[in-house]
Every structure is written in C-alpha cells, then in structure tokens.
Number of protein chains: 2
Amino acid sequence: MGKPTRVTNEIRALRFAAGEMTQAELADRVGLTRQTIIAIEQGRYSPSLEVAFRIARVFGVPLERVFGYPEEES
Amino acid sequence: MGKPTRVTNEIRALRFAAGEMTQAELADRVGLTRQTIIAIEQGRYSPSLEVAFRIARVFGVPLERVFGYPEEES
DNA sequence: ACATCGTGTCAAGTATCTTAGACATCTCGG
DNA sequence: CCGAGATGTCTAAGATACTTGACACGATGT
C-alpha cells in the first residue's frame, strides 16, 4: 500500500560491510523496529529525515552515501 | 503539536541567497504547500527524506548543506 | 528430528507529516 | 488611506511512516 519511494539506499551493502550486521541489530542501534528497517531497505517507503540521519550515523558515513535520489528528466 | 525535531536547516538563508526566493515560490518549486515549508523552516518537524532531497535539488546543493543533525551524547 | 537465527509477510493501531482553507499582521507602493 | 504580497497562526482532515505481535520459511547446527 503506500506507493514505493524513489529514494534508493545501500543499507544492505553497508550492513554486510559493517561485519555482517543483522537487521535486528541495526534496528536496535538506530532505535527502530526490525520491520521498519526491512521496509526501508526494500524501498517500500522513504524514512523521515531524522531516521535517515540516525542510520547514516550508525554506519559512520554521510547521509548521501546511504541514500540516493534520482535526477529528474522533464 | 508534536515534538520539535532535532534536525536543523538553512532553508531561510538559502532562500535569500537564491535571489529572495519566497516561501510560496519554494513550496511551488518543491511541490509542497506553503504551510509545509513554514513548518519545516521553523523546525516544527523533520520532513520525509524524499522531500528533503527535493528541497536540496531546488537550491542545487547537497542535502547535508541544507539539513543538519546534532551529535548525540547519551 | 528439533531448536535457533536471519529474513520476510500480514494486519491493525499509533504517531507524524502534509494538505486545505480561513484569517491576522507587517511592509511597501500608489 | 488602501490594496497587495510575504510571513505566520489555527483547525481539521488525509496520507505516510512507524510500532506491536504473530506467523512462515530457508539455512545452520546439535
């Protein structure tokens, strides 16, 4: 339900890069539920900016390294 | 009301830097209402990541130049 | 076979973001 | 003075994000 978002992310790759971090562990470190991580990771919706910042902080990278937004061709 | 967010922004400064751009014009260019711009500019809540990206695009700057998130000291 | 872990799904509810419209205030130009 | 533009407030409703809890499935290990 809810339309999928245009925002892309590298969460899965970053989790593995960060020593096989599990979705549950990431959820815990970010302060979200596991379900929310799954939904974001799958691009089912775009998180709030605050959550996006918290995720980037956990991985220790800038926000734009985790999330992307496509150019628009009009 | 809802709690104010920890996310900071430079929208007002960027509007003026971009040739006295008005809130209504920004709202229009981003595809939001004027009210939403006001609320975000005042830090009454943090926008969705998608909206944050669109705002940054309008100003032609990276997202992290528009929005900031404080360090956390637990 | 059985238990555990990681991932994923579904459904129903709460919280937060976003919209729409009406209205108040200030400033500026005519 | 009067009108128009820019900012802001309030209320109410609609749309998304996020939570909680339960369950399914494949892989791994004992």
Side-chain angles (χ1 to χ4, degrees), chain A residues 1-59 61-70 72 74, chain B residues 1-59 63-70 72 74:
Chain A
M1 324 239 199
K3 42 190 89 159
T5 182
R6 289 151 87 192
V7 174
T8 63
N9 74 86
E10 299 297 324
I11 295 179
R12 185 171 287 266
L14 287 162
R15 278 199 297 112
F16 282 94
E20 307 284 324
M21 184 188 296
T22 180
Q23 290 177 335
E25 190 184 338
L26 176 56
D28 195 57
R29 298 240 265 145
V30 176
L32 295 175
T33 61
R34 195 170 60 84
Q35 308 238 36
T36 303
I37 294 296
I38 293 174
I40 294 171
E41 195 169 298
Q42 290 175 152
R44 295 216 264 126
Y45 50 67
S46 88
S48 72
L49 185 53
E50 183 158 355
V51 162
F53 269 118
R54 294 212 303 263
I55 292 173
R57 283 287 158 85
V58 166
F59 292 123
V61 300
L63 192 151
E64 309 205 19
R65 183 94 173 256
V66 183
F67 299 97
Y69 194 68
E72 26 198 285
S74 45
Chain B
M1 294 237 252
K3 44 194 77 160
T5 181
R6 289 150 88 191
V7 174
T8 64
N9 74 86
E10 299 298 324
I11 294 179
R12 185 171 286 265
L14 287 162
R15 278 199 299 111
F16 281 94
E20 306 286 323
M21 183 188 297
T22 177
Q23 290 177 336
E25 190 184 339
L26 176 57
D28 194 56
R29 298 240 266 145
V30 176
L32 295 175
T33 61
R34 194 171 61 84
Q35 299 241 41
T36 302
I37 294 295
I38 292 174
I40 293 171
E41 195 169 299
Q42 291 176 152
R44 292 216 260 123
Y45 49 66
S46 87
S48 71
L49 184 54
E50 182 157 356
V51 162
F53 269 119
R54 295 211 303 262
I55 292 173
R57 284 287 158 86
V58 166
F59 292 122
L63 192 151
E64 307 206 21
R65 175 166 295 200
V66 184
F67 299 96
Y69 193 68
E72 46 192 80
S74 52

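The basis for the numbers below is simple: all heavy atoms, side chains too, and nothing from hydrogens, waters or symmetry mates. Quick caveat: nothing in here was measured; it's all calculated off a predicted structure. Lettering follows sequence order; numbering is per chain, from 1.
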On the nucleotide [N], are OP1 or OP2 found under 4.0 Å from the side-chain N or O atoms that [X] carries?
{"X": "A:Thr22", "N": "C:dT7", "answer": "yes"}
{"X": "A:Thr36", "N": "D:dC18", "answer": "no"}
{"X": "A:Arg12", "N": "C:dG6", "answer": "no"}
{"X": "B:Arg15", "N": "D:dT7", "answer": "yes"}
{"X": "A:Gln35", "N": "D:dC18", "answer": "no"}
{"X": "A:Ser46", "N": "D:dA17", "answer": "yes"}

* To do: Could you tell me whether A:Ser48 contacts a base, only the sugar-phosphate backbone, or nothing, with contacts defined as non-hydrogen atoms closer than 4.0 Å?
  => sugar-phosphate

* Asked: Given the rule in the side chain to side chain contact (heavy atoms under 4.5 Å, CB included) test, do A:Phe67 and A:Ile11 qualify, once you have shown the distances and angles that lead to the verdict?
  -> CA-CA 8 Å; A:Phe67 299 97; A:Ile11 295 179; 4.3 Å; yes

Measure from the side-chain heavy atoms of [X] and tell me the nearest of [options].
{"X": "B:Leu32", "options": "C:dG8, D:dG8, C:dT18", "value": "C:dT18"}
{"X": "B:Pro47", "options": "D:dC18, D:dT9, C:dT18", "value": "C:dT18"}
{"X": "B:Arg44", "options": "D:dT9, C:dT18, D:dT7", "value": "D:dT9"}
{"X": "A:Tyr45", "options": "C:dT9, D:dC18, C:dT18", "value": "D:dC18"}

* To do: Without swapping roles, check the side chain of B:Ser48 against the backbone of B:Val51 for a donor-acceptor pair under 3.5 Å.
  => yes

* To do: State whether the side chain of A:Arg54 and the backbone N or O of A:Val30 hold a donor-acceptor pair below 3.5 Å, judged by distance alone.
  => yes

* For B:Glu64, does the CD atom have more than 12 heavy-atom neighbours from other residues, nucleotides or ligands under 6.0 Å away? -> yes

Rounded off to whole Å, could you give me the [atom1]-to-[atom2] distance for the [X] and [N] pair?
{"X": "B:Met21", "N": "D:dT7", "atom1": "CE", "atom2": "C1'", "value": "16 Å"}
{"X": "B:Ile38", "N": "C:dA22", "atom1": "CD1", "atom2": "P", "value": "17 Å"}
{"X": "A:Gln23", "N": "D:dG26", "atom1": "CD", "atom2": "P", "value": "17 Å"}
{"X": "B:Glu20", "N": "C:dT27", "atom1": "CD", "atom2": "P", "value": "16 Å"}
{"X": "A:Glu50", "N": "C:dA15", "atom1": "CD", "atom2": "P", "value": "16 Å"}
{"X": "A:Glu41", "N": "C:dG6", "atom1": "CD", "atom2": "P", "value": "14 Å"}
{"X": "B:Arg34", "N": "C:dC23", "atom1": "CZ", "atom2": "C1'", "value": "11 Å"}
{"X": "B:Ile11", "N": "D:dT7", "atom1": "CD1", "atom2": "P", "value": "13 Å"}

* To do: Check step by step if side chain to side chain contact (heavy atoms under 4.5 Å, CB included) holds for A:Gln23 and A:Arg15.
  => CA-CA 8 Å; A:Gln23 290 177 335; A:Arg15 278 199 297 112; 3.5 Å; yes

